[in-house]
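Heads up, the thing below is written out as structure tokens.
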Amino acid sequence: MPTYEQLAPRGVAVARDRSRTVFGQVMGLVALTVGFAAIGAYIGRDVHSSFVVFLPALACMFGLQFASSRGHEQLAIALLFAMGLLLGIAVGAVIYYYAQTKPTAVYQAAGTTALAVAGLGAIGYTTRHDLTGWLRPLMFALIGLILFGLVAMFVAIPGANIVYCVTGLGIFSLLTVFDFWRLQHAGMQSAVVIAASIFLDVFNIFLLLLSLFGGGGNRR
């Protein structure tokens with residue numbers, strides 16, 4: 001009969017293979033969703049009613065979580081791609097404006113996003129610390145950021161854009177670490193939901209960096 005010492009390495013190898021499979025599935029979904037967002041941005045370059053497009057994107061986000069929890073993986077994947085497409089349409093006009101007026105800001109934001117997510121993802125995926133306690137304070141911080149952004153739309157606050165962007169980058173950087181930590185422990189049934197979370201991290205980091213590098217989008 002095999003001893004524990006003989007079985008343990010085999011069990012570890014199986015767990016590693018499973019983890020790599022889930023990682024590959026999630027990152028593949030993230031890459032495809034980014035592709036759909038890029039297509040959406042091209043389609044939406046002349047669309048200026050972004051708020052109207054955000055609503056169905058939000059519905060897709062909640063829908064994919066529900067579909068995934070019910071085991072409807074194909075539907076969840078379709079809703080993930082639809083969410084990416086709709087979010088791309090929603091911000092298409094903004095990206096097109098920067099591409100026309102400050103193209104270097106778009107390249108800088110894209111490159112910095114890729115490097116930042118790679119570095120933060122490596123930290124989250126390899127850490128051995130339990131990050132469960134991060135979620136609640138990060139959600140409260142995100143709600144606070146949204147409220148600050150709404151107030152800044154109606155009240156003139158000196159340096160509001162810089163404060164918003166820098167704070168947002170801090171929050172989404174920590175969320176990226178947290179989501180990759182979740183990926184480290186996830187099973188295939190959670191792949192779509194975690195892919196959606198990582199995509200939203202990437203999406204928001206890119207937009208915040210674009211606003212910083214582009215000077216806040218002040219049209220003069």
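By convention here, the first residue in the shown sequence is residue 1. What you see below is based on every heavy atom in this structure, not just the backbone, and it leaves out hydrogens, waters and symmetry mates. A quick note: this is a predicted structure, and the numbers were derived from the prediction, not measured.
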Next on the checklist: Run the side chain to side chain contact (heavy atoms under 4.5 Å, CB included) test on I43 and I39 for me, step by step, so that the C-alpha distance in whole Å, both residues' side-chain angles and the decisive distance to 0.1 Å come before the verdict.
Outcome noted: CA-CA 6 Å; I43 295 172; I39 294 171; 3.9 Å; yes

Check the pair V22, Q25 against side chain to side chain contact (heavy atoms under 4.5 Å, CB included), reporting the backbone distance first and the verdict last.
CA-CA 5 Å; V22 176; Q25 174 82 354; 5.6 Å; no

Decide side chain to side chain contact (heavy atoms under 4.5 Å, CB included) for F199 and V26; before the verdict, give the C-alpha distance in whole Å, the side-chain angles of both, and the deciding distance to 0.1 Å. CA-CA 10 Å; F199 166 74; V26 169; over 6 Å; no

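For L79 against G63, the heavy-atom pair with the smallest separation is CD1-C, 3.4 Å. When every heavy atom of K102 is checked against every heavy atom of G214, the shortest pair comes out as NZ-O, 2.7 Å. Of all the heavy atoms in A57 and L87, the pair that sits closest is CB-CD2, 3.8 Å. Looking at every heavy atom in both residues, Q184 comes nearest to T126 through NE2-N, 4.1 Å. Taking all atoms of both residues into account, the shortest heavy-atom contact from C60 to L86 is SG-CD1, 4.0 Å.
No continuous path of ILVMFWY side-chain contacts below 4.5 Å connects L135 to F140, so the two sit in separate hydrophobic clusters. When hydrophobic clusters are built by joining Ile, Leu, Val, Met, Phe, Trp and Tyr residues whose side-chain heavy atoms come closer than 4.5 Å, directly or via intermediates, V155 is grouped together with L145.
In this structure the side chain of L138 never reaches within 4.5 angstrom of the side chain of L142, judged on heavy atoms. The closest side-chain heavy-atom distance from L75 to R70 is not below 4.5 Å. Put simply, the side chain of L29 does not reach to within 4.5 Å of the side chain of I194, judged on heavy atoms. Side chains of F172 and V202 form no contact here, defined as non-hydrogen atoms less than 4.5 Å apart. With a 4.5 Å cut-off on side-chain heavy atoms, V106 and Y97 do not count as touching. Side-chain contact check for F148 versus T167: every heavy-atom pair is 4.5 Å or farther apart. Here the side chains of F206 and I95 are in contact, with some heavy-atom distance below 4.5 Å. Residues V94 and Y98 have side chains in contact (heavy-atom distance under 4.5 Å, counting atoms from C-beta outward).
Rounding to the nearest 0.5 Å places CG of L200 at 10.5 Å from OG1 of T176. Distance check, rounded to the nearest 0.5 Å: CD1 of I89 to CZ of F54 gives 11.5 Å. Within the model, atoms CE of M61 and CG of L80 stand 11.5 Å from one another, a figure rounded to the nearest 0.5 Å. Here the CG atom belonging to L120 is positioned 8.0 Å from the CG atom belonging to L174, to the nearest 0.5 angstrom. In this structure, the separation between CG on L209 and CG on N204 is 11.0 Å, given to the nearest 0.5 Å. D179 CG to D201 CG: the interatomic distance, rounded to the nearest 0.5 Å, is 4.5 Å.
Between F23 and F180, the two ring planes are tilted [angle within 30° to 60°].
Of the possible donor and acceptor atoms, none in the side chain of T127 sits under 3.5 Å from a partner among the backbone N and O of G124. Of the possible donor and acceptor atoms, none in the side chain of R136 sits under 3.5 Å from a partner among the backbone N and O of W134. Between the side chain of S68 and the backbone N or O of L64, no donor-acceptor pair lies under 3.5 Å. Remark: the backbone N or O of L207 is not paired with any side-chain donor or acceptor of S211 at under 3.5 angstrom. Formation of a donor-acceptor pair under 3.5 Å by the Q65 side chain with backbone atoms of V193 is not found in this model.
The side-chain contact (heavy atoms from CB on, under 4.5 Å) check on R45 picks up Y42, Y96, with sequence neighbours excluded.
Summarising the local packing, CG of L58 is surrounded by more than 12 heavy atoms from other residues, nucleotides or ligands at distances under 6.0 Å.
Ring to ring, F62 and F66 are not that close: their centroids are 6.0 angstrom or more apart.
Counted by atom type alone, S190 and R182 present zero donor-acceptor pairs between their side chains at under 3.5 Å.
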